[in-house]
Structures are given as C-alpha cells and as structure tokens.
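Written out below as structure tokens is the structure these notes cover.
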2 protein chains.
Amino acid sequence: MSPRVRISDVARRAGVAPSTVSAVLNEVSGARVKDSTRERVRQAADELGYAPNALARGLRTRRSGTLAFISDVIATTPYAGQLIQGAQDTAWAAGHVLMVVNTGGDPAIESRALAVLRQQQVAGVLWATMSHRVVPAPVPPHGTPLVLLDAQDGTGAVPSVIPDEEAGARAAVAELADHGHRRIGFVLDREDSPASDGRTAGYRAALAERGLPVEDALVARARSCSAGGEEAAGVLLDRPHPPTAIFAFTDQMAVGVYHAAAARGLRIPEDLSVVGFDDLAVLAQELRPGLSSIALPHYAMGQTAAATLLRLVEDPHAEVPAVQRVRTRVVRRGSVGPAPSA
Amino acid sequence: MSPRVRISDVARRAGVAPSTVSAVLNEVSGARVKDSTRERVRQAADELGYAPNALARGLRTRRSGTLAFISDVIATTPYAGQLIQGAQDTAWAAGHVLMVVNTGGDPAIESRALAVLRQQQVAGVLWATMSHRVVPAPVPPHGTPLVLLDAQDGTGAVPSVIPDEEAGARAAVAELADHGHRRIGFVLDREDSPASDGRTAGYRAALAERGLPVEDALVARARSCSAGGEEAAGVLLDRPHPPTAIFAFTDQMAVGVYHAAAARGLRIPEDLSVVGFDDLAVLAQELRPGLSSIALPHYAMGQTAAATLLRLVEDPHAEVPAVQRVRTRVVRRGSVGPAPSA
DNA sequence: CTGAAAGCGCTTACAG
DNA sequence: CTGAAAGCGCTTACAG
C-alpha cells in the first residue's frame, strides 16, 4: 500500500487538531479559525498532497458523492455517449461522479445493478433507455431519487426527460413546406411507441396548420431499417399522386428512401426531398447528397436529467416537472430542395 | 432518510454479535459458526433486506470495489460503448463497479479526474483512448494500478491492450487475394500512428508473402474521411495499371472509394472489390453493396484490459504482459468479388 | 463456537 | 478561536 496521507497527518504538520483541518478545508461556514491558522493548514495539506478519503467522508456524512447511470443498451448506438457525457458534465460540476452500469435490458442484471449501487450508497439513479420507450419504472432503494432518461414509465410517477418528438416532426415538415412542398410523405416504423406516436402527431399537426394534405396515402409503415424505408418509400412513390418530399422516421429509414428514389431514377433533391430523424452523423454525412435530419438533443437531455436528479438529491421533496421535453434541432445538409414546379 | 438496515440490526434479530453476522455473510473461511446459527443469520438478513454499506466496508478493508474508466472522447463514436461494456462485464463479474469519466482530452480535466477518483479510492484505473494512439502515460495515485486501453505510452512501462492492427490488415489482404486479386491497392490516412504503421506493415507483409506486387503506385494517402478516401482512390484508379481491389484504412474512407468507383462507372464488386476497417456497422450495412470490413474487437479489448487491471489490483507485483494485441475479425458483406478476368 | 474491542478516516456537535 | 470525543457501519484480530 502507498503511504496515503490522512487528515491526522495534516493536523500534526500544521500543529492543530484534525477537526480544525476539516473545518478549514471544507470551508465550514460557522467555523472561527484565525487566518494564520488557515494558512498553515492549507500549506500543510498542499505539502503533503492531502486528498480526503471519500469513503470515510461518505460514511460519516451519508453522502457518497456518486450517482448511478443505468442503461439498457449502450453498446450499439453512437448516441449513448452524448447522453452520458451530458449527465457526467453536470454531475461533475456538482462534485459527483457517475457509476455506470449497462444491463443489456436483462431484468436480472437490472435488479442486481440496483442492489450493488445501493450498497455503493449512490445518491441518486439515472435510468436511461437508448431509444424513447415506455418502461416499467424500476424500483430503486427506498429513499433514493430516480430520474428516467429517454424513457417514461406508464404512470408518470417518476420524473422523466425525453426528446420533444412532436416538435421535431413539426420542424421536419416545416423544413420541407418552406421549400414549397405540398405533398409530403411520411415513412415510419411499425411499432407503437412514444416516438412514433409523437412524430406522427407532429407530422399531421404541421400539415394541417399549413392547409397541406393529410392523407393516409401519404403515410407508409415498415420495419425500422433501411430495407423497411426502401419498401415504404417505394409504396408512396409508386402511387398515382406521389409525394415530392418524404419525412423519414429515422436516418436509417431515410437511407432506404434514397435507394427507392435511385431505383426509380429520381434524383435527390431535384426530384425528391428527404428529411431524416436522429442525425446519425456517421451515416447522414456520408450519403450523397448529405441527409438533412432532426437531431435529438442527447447531450442536453443528459444534462437536464442529471440536474433534475441533483435537485432531488439535495431535497427529496423538491418540486420537479414530471416530464421534461427537450427541443430537437434541424441539421441541414443537402437532401432538401425546392419542390419540382410540376 | 430511509430506514437503512445495518449489520447491528441483523445481529440483534438473529441474537448474535455483528462480528458473527459479518463472518457468516462474508463466508469467512476460518470462521467456526454452527450451521443453525448461520441459518438464523441468513434468515434475519433476508427478512430485513440487509445489504452491507460498501463505504463502511471499503473504509475498513481499504478496498472500494470500484474501478475508474477514464476516456478521452466517448461522445462521437459508436465503439466506445463496446469498450466500456467489455470492461464493465469483467469488472462486474469480479464484484467491481466502474466509475466513468470522459475528459474530452482536456489535460486539466484529466488530472482532476485522476484526483477525484483517487479520493473515491478506486482500486485501479483504465485509461482509454478512442482510437489507437500513443499517449503520455498518465500518473495515477501512487500505488494504483493502471492499464491503457486502445492506447500505448511511449515507454512501454504501462501495460496496454490494443488491437492487432497488423493481423487485421493481413486479413484484409487475404480476403482480397483469396478472391484472385493480384493488384491490391491501399488507401490510408496521412497521420503516422500505430494504426497506420501497423496496417501498412500488415498490408505489405501479406502481399510479399503471396508474391503479389508491393508498389508505391498502389498506395495513396489522404485525409481520414470519405472525401479523402474518394480522392486517394481516384488517384489509384486513374493510374495506368489500376488495382482491381482496394483496402481502405477505415470504413469512412471506404465510402469514398465507393464514390470514386461510381464516378468512373466501376461497379462493386464486379469491377472493383473493397475491404474497409473498423466495421462501423451503421455505415457498412447501409452501403450498396454492404461493405466487408475488419472488425476491431472492442468488447474483447475492454474485457482483456479489465482482467489485466484486476490481476494487478489483486497483486501489484503480478506479471502482466506489457502489450496485449487482440485479434480482429473479418466481417463479410458484399463488396468483395472475384478478380475481373481482365 | 461466539462476542467484545479496536480501528478504518473522516465530520459534527460540544466543551472550553 | 481551537481541541477532545463520539460515531458513521463495517471487519479483523483476539479473548474466552
């Protein structure tokens, strides 16, 4: 073992009691300590390279200075990092460290994670899903605050931070309508989820507000992948009055729209405009032309969730919003052009 | 605060001393406790839902049960998750939890992270770079073991776990040569790094072994992005004796190869075969045809690094390899075909 | 076979 | 203005 420096070592060197060292280093408000003593303590601590043992402090204060970040699948998505990064930066600024556990969605691991993190005395739990879903609210240790990230529980009893799906879809439609498109198609997945419900609502509302056609013939559902996007876009493009623009549920589905267009000799954006969702940069950037997309605010969501959790950690009875919707952002690349003058 | 159950509560309920509870629950080897007593203790613990306070235990045993995972940029890459996942699963199996900090590569944050994690009494530090690089070895708290992940320090004094770049490049060449290609080009980035050095060495060695041409005219360097890949591939394809197959330094550069081929009316794989590197699934899967690629073993690397670190945590003088190279894997999609019969 | 005591390294009333 | 004592919740020798 290394010769760890303890508070008593600092006290001895400064010629004071450990309690005085503690008061000085923690800048305890009520503490009356002569300036010269403070100076001596600080210097002794510096010279010895003293750093307090967080375990001992946590045991005594009942505050571990750690938060749990539990997520289902971090592994395959490029977004997860941003979520964690946002949460971490916020936690960090408040003097907290993140303990991260990925459960792979396995309920057995989930409950073990909760148990282990409880033992670690985490001050709060961030529970993240890697795509906006409704989940059964996990049950953290009694008294430990919980915030859901990119997830909602059925009851709404647990505070949650989610993307504003509806506003995102509205922005996508606005982007296309502003370029003169009137027949705007929507290609989406088959699952019912807050994401598809919200985006569908936004799509319809945005069209209705502008007096643009809201038709079933402009909407097609398929699997949530590029093959699905190709299939669904093909259905729309082969109809008698095909859309001149398509809003795709995800960037992956948008790739399928590109393929469907190419197969029909349609150029993007001259003959068909496309907007995706997710802003999966590694993909959207590489398409020709680049895919305009609606970016989900993962970093901001991480920040918001951590900030909310920290408020609850400070004060378990703090009033926090049940659901916070974080704004999306339009990322323009090159897949949207003026509507063909037909 | 919630009514946390302490070991003394369990002891009282079971009618024994706390030390007996500790001995039973931790299955201390030398402890002689009657079976009936053990049973009573276990039952009392169960009934009360007892879970030991890791802070108190860690303070006493000087083992926190936590490892640090410090990385530069987790945010933008889809690989990071696998690295963390591998490390976490291994740590977890050994009863350790990961504290994760992303530094963004900022040296000030790096040293603060090290300091904070030292206070948290982490048992060891995993230091990850998100692409194989040589870094100045960080200085963790005296006595805390350190393992580099996807990174090497200049001196080789710190154990490190890296991908086997050379074997990966060999596998790429083998994949192409096995399809009858003889003129195999290589498109790589401009930076000198262990990744480019290793892949270049593997490329050349594999060609030489097979008696295939190793020519400067078959190699082109450019920026490490799709535009760079397009530029470099264009140079090769416009030469008098163009290659019939191209090995690209990354999947992103491979996308550029696709574009360069398309611009010249070359079909993949009929006229040109392509192999990428990284297996960036979200991209490689979406190309037409799908891009065959060399997968980096991120999950395995995370596992190996954590296992190595845990050995050092158990025994600071354990003999561990200075550098462990983890094998890559060939992922076949559809971008490799037989060499044109010319 | 089991319990009492000490101590890990802090912070928090409290005494002076 | 500062120090001595107690205690956070465990585990580890040691005594019996």
Side-chain angles (χ1 to χ4, degrees), chain A residues 1-42 44-45 48-66 95 118-121 123 141, chain B residues 1-42 44-45 48-66 95 118-121 123 141:
Chain A
M1 261 295 105
S2 73
R4 283 251 192 264
V5 179
R6 293 148 303 173
I7 196 171
S8 57
D9 298 320
V10 178
R12 194 172 318 117
R13 185 173 189 108
V16 298
S19 47
T20 305
V21 175
S22 174
V24 171
L25 262 28
N26 291 320
E27 297 175 349
V28 173
S29 59
R32 301 173 187 289
V33 182
K34 249 195 309 195
D35 279 357
S36 60
T37 306
R38 285 182 188 280
E39 195 42 49
R40 251 187 306 134
V41 168
R42 292 227 172 74
L48 295 174
Y50 172 68
N53 181 325
L55 264 39
R57 168 185 280 168
L59 178 58
R60 178 62 232 241
T61 61
R62 293 156 172 282
R63 308 170 125 267
S64 63
T66 57
R118 171 191 174 196
Q119 292 186 212
Q120 291 288 347
Q121 313 296 117
Chain B
M1 262 295 108
S2 72
R4 282 252 193 266
V5 179
R6 292 147 303 172
I7 196 171
S8 58
D9 298 321
V10 178
R12 196 173 314 117
R13 184 175 190 105
V16 298
S19 48
T20 304
V21 175
S22 173
V24 172
L25 262 29
N26 292 318
E27 297 176 348
V28 174
S29 59
R32 301 174 187 286
V33 182
K34 250 196 306 196
D35 279 356
S36 61
T37 308
R38 285 183 191 280
E39 196 41 51
R40 252 188 304 136
V41 168
R42 292 227 173 77
L48 295 173
Y50 173 68
N53 181 325
L55 265 38
R57 167 186 281 168
L59 176 60
R60 177 62 231 242
T61 61
R62 292 158 171 282
R63 306 169 130 269
S64 62
T66 58
R118 172 189 171 196
Q119 293 186 208
Q120 292 287 347
Q121 313 296 117

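Small disclaimer: the values here were computed from a predicted structure and weren't measured. Below, chains carry the letters A, B, ... as their sequence lines are ordered, and counting in each starts from 1.
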Listed nucleotide nearest any side-chain atom of A:Arg60, set C:dG9, D:dG9, C:dT2: C:dG9
Nucleotide nearest B:Ser22 (side chain, heavy atoms from C-beta), chosen from C:dG9, D:dT11, D:dC10: D:dT11
Distance-minimising heavy-atom pair for A:Ala14 and A:Val41: CB-CA, 3.9 Å
Shortest side-chain distance from A:Lys34, nucleotide among C:dT12, D:dT2, D:dT12: D:dT2
Under 3.5 Å: donor-acceptor pair, side chain of A:Arg38, backbone of A:Val24: no
Sugar-phosphate, base or nothing in reach of A:Val28, heavy atoms under 4.0 Å: nothing
Structure string for DNA chain C in dot-bracket form, Watson-Crick and G-U at under 3.5 Å, | interchain: |||.||||||||.|||
Presence of A:Arg62 side-chain N/O under 4.0 Å of C:dT11 phosphate oxygens OP1/OP2: no
Phosphate-side-chain proximity, B:Arg57 and D:dT11, N/O vs OP1/OP2 below 4.0 Å: yes
Side chains of A:Arg57 and A:Asn26, donor plus acceptor under 3.5 Å: yes
Distance-only donor-acceptor test (3.5 Å): side chain B:Ser19, base C:dA5: no
Candidates D:dG3, D:dT2, D:dC10 - which lies nearest the side chain of A:Ala17: D:dG3
B:Arg13 side-chain N/O to B:Ala44 backbone N/O, donor-acceptor pair under 3.5 Å: no
From C:dT11, C:dC10, D:dT2, nucleotide with atom closest to A:Tyr50 side chain: C:dC10
Nucleotide nearest A:Thr20 when distance is taken to its side chain, options D:dG3, C:dG3, C:dG7: D:dG3
